[in-house]
Amino acid sequence: MSKKRRETSVGQFSRRSFLSSLGAAGVAVTAGPLVAAAPAAPAVEMPAETIEGAVPLSLRVNGKELDLHIDPRTSLLDCLRETMSLTGTKKGCDHGQCGACTVHVNGRRINSCLTLAVMHEGDEITTIEGLGQPGNLHPMQASFVKHDGYQCGYCTSGQIMSAVALLKEKCGPTDADVKELMSGNICRCGAYPNIVAAIQEVRQQA
C-alpha cells in the first residue's frame, strides 16, 4: 500500500471514528430522560429458599434460643453470619489461621470457621454482639477503644473475644505472655502493641 493511500485510510478511519463517537453520545443524551421516565419493572417476589437436606437445629446464642433449619454442612461461622445475621463475627481466612471468627462456646474461645453448627446444640454461644453494645461496653471493648487497639477494625471482634477468654486462662504477667496466648489472632495492620496494652489494663483492673 502506498504512503498516500495509507494516509487516506488513516484519515478516513479517524473521521469515521469521530462521527461514530459523536452519534453515540447523542443517543446517550437523548435516551437518558426516556430511560429515567420509563416505569420501573414490578418487583418479583421470590419464594422462600428451600434447603435440600436441611436439618432442624436449636442454638442458644447470646442468651436467646433460636430454632433453625440449616444444611448440616454449615459451619458455625456461616450460620452466625448468613442465617442469624450476626455479622460482627468476621470471616477472614476460613481456615482457622487468623482468628477473626473467634467466638465463645461454653465460655471457651474457638474458631467458628472450623466447627459445624450442628455440633453445638445445647451449647452456650457468645458472639461480639452478646459481649457488649454501644453505651454498655464490656471493659475489654472499652479498653480497646481507649488504647486504639484497632486500625481497619476487621480483626477487632476476634481479638476482643480472644482477649476476654484470656482473662480466665492461665497467663503470665508479662506482655510476652499475653502475646503468646493471643498469637492465634492476626492483625494485618500491626496494632499489636495497642492490643496488648488494652488487655494488660483490663487484667490489672480485674
Side-chain angles (χ1 to χ4, degrees), residues 38-142 144-145 149-169 181-189 191 195 199:
V44 178
E45 186 174 341
M46 300 298 291
E49 181 181 0
T50 301
I51 303 174
E52 185 176 355
V55 297
L57 176 65
S58 179
L59 290 181
R60 184 171 177 80
V61 181
N62 298 331
K64 297 180 179 179
E65 293 283 351
L66 298 168
D67 294 321
L68 310 168
H69 279 79
I70 65 170
D71 186 317
R73 298 166 296 180
T74 304
S75 69
L76 179 57
L77 170 61
D78 286 339
C79 183
L80 292 171
R81 288 182 56 83
E82 307 300 332
T83 305
M84 302 183 191
S85 298
L86 295 172
T87 55
T89 303
K90 302 302 182 185
K91 177 176 284 198
C93 66
D94 215 20
H95 288 81
Q97 297 177 352
C98 72
C101 67
T102 303
V103 299
H104 295 172
V105 174
N106 298 329
R108 298 181 60 185
R109 52 175 161 164
I110 69 165
N111 291 325
S112 59
C113 71
L114 293 183
T115 186
L116 298 175
V118 293
M119 298 171 63
H120 297 286
E121 187 157 18
D123 289 339
E124 186 71 38
I125 301 166
T126 305
T127 70
I128 192 71
E129 291 91 347
L131 199 63
Q133 294 289 332
N136 185 29
L137 295 178
H138 185 281
M140 189 64 73
Q141 291 173 307
F144 264 66
V145 172
Y150 54 87
Q151 288 187 30
C152 78
Y154 197 85
C155 74
T156 304
S157 60
Q159 297 276 2
I160 291 175
M161 296 304 289
S162 279
V164 171
L166 179 148
L167 298 176
K168 301 177 182 179
E169 299 170 358
L181 266 68
M182 291 293 294
S183 60
N185 291 79
I186 296 174
C187 174
R188 290 178 172 83
C189 298
I195 291 171
I199 295 170

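All values below were derived from every heavy atom in this structure, side-chain atoms included, with hydrogens, water molecules and symmetry-related copies excluded.
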Enumerate donor-acceptor pairs with a distance under 3.5 Å from any side-chain N or O in residues 102-118 to protein atoms, sequence neighbours excluded.
residue: Thr102; atom: OG1; partner: Gly99; partner atom: O; Å: 2.7
residue: His104; atom: NE2; partner: Met161; partner atom: O; Å: 2.6
residue: Asn106; atom: OD1; partner: Glu124; partner atom: N; Å: 2.8
residue: Asn106; atom: ND2; partner: Asp123; partner atom: OD1; Å: 3.1
residue: Arg109; atom: NE; partner: Glu169; partner atom: OE2; Å: 3.0
residue: Arg109; atom: NH1; partner: Ser162; partner atom: OG; Å: 3.4
residue: Arg109; atom: NH1; partner: Leu181; partner atom: O; Å: 3.1
residue: Arg109; atom: NH2; partner: Glu169; partner atom: OE1; Å: 2.7
residue: Arg109; atom: NH2; partner: Leu181; partner atom: O; Å: 3.0
residue: Asn111; atom: ND2; partner: Gly96; partner atom: O; Å: 3.4
residue: Ser112; atom: OG; partner: Cys101; partner atom: O; Å: 2.7
residue: Thr115; atom: OG1; partner: His120; partner atom: NE2; Å: 2.7

Give the table of side-chain donor-acceptor pairs shorter than 3.5 Å for residues 86-93, with sequence neighbours excluded, one pair per line with atom names and distance.
residue: Lys90; atom: NZ; partner: Thr87; partner atom: O; Å: 3.1
residue: Lys91; atom: NZ; partner: Asp78; partner atom: OD1; Å: 2.7

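Judged as a salt bridge (charged side-chain N to carboxylate O under 4.0 Å, His left out), not a single pair has a partner in residues 126-142 (not counting sequence neighbours). Evaluation of the salt bridge (charged side-chain N to carboxylate O under 4.0 Å, His left out) test over residues 156-165, restricted to residues two or more places apart or in two chains, returns none. Legend: salt bridge (charged side-chain N to carboxylate O under 4.0 Å, His left out) pairs involving residues 131-141, not counting sequence neighbours: none detected.
A distance of 4.5 Å separates CD1 of Ile160 from CD1 of Ile128, quoted to the nearest 0.5 Å. Taking OG1 from Thr83 and CG from Leu59, the interatomic distance works out to 9.5 Å, rounded to the nearest 0.5 Å. To the nearest 0.5 Å, atom CZ of residue Arg188 and atom SG of residue Cys152 are 9.0 Å apart. Taking NE2 from His69 and CG from Leu57, the interatomic distance works out to 9.5 Å, rounded to the nearest 0.5 Å.
Looking at Met119 and Leu76, their side chains never come closer than 4.5 Å, going by heavy atoms from C-beta outward.
Between Cys79 and Thr74 the shortest heavy-atom distance is N-CG2, 3.7 Å. Taking each heavy atom of Met182 and Leu166 in turn, the nearest pair found is CG-CD1, 3.9 Å. Minimum heavy-atom separation, Gly149 to Ile195: O-CG1, 3.4 Å. Tyr150 and Phe144 get closest at one heavy-atom pair: CE2-O, 3.7 Å. Residues Asn62 and Thr126 come closest through the heavy atom pair OD1-CA, 3.4 Å. Closest non-hydrogen pair, Val164 versus His138, comes out as CG2-CE1, 3.6 Å.
With sequence neighbours excluded, the residues that form a side chain to side chain donor-acceptor pair (under 3.5 Å) with Ser58 are Glu65, Asp67. With sequence neighbours excluded, no residue forms a side chain to side chain donor-acceptor pair (under 3.5 Å) with Thr156.
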Which is it for Gln159 and Ile199 under the side-chain contact (heavy atoms from CB on, under 4.5 Å) test, yes or no, and what are the steps along the way?
CA-CA 10 Å; Gln159 297 276 2; Ile199 295 170; over 6 Å; no

CA sep, side-chain torsions, deciding dist, call: Met140, Leu167, side-chain contact (heavy atoms from CB on, under 4.5 Å)
CA-CA 10 Å; Met140 189 64 73; Leu167 298 176; 3.9 Å; yes

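For Asn185 (side chain) and Cys155 (main-chain N/O), no donor-acceptor pair under 3.5 Å exists by modelled atom type.
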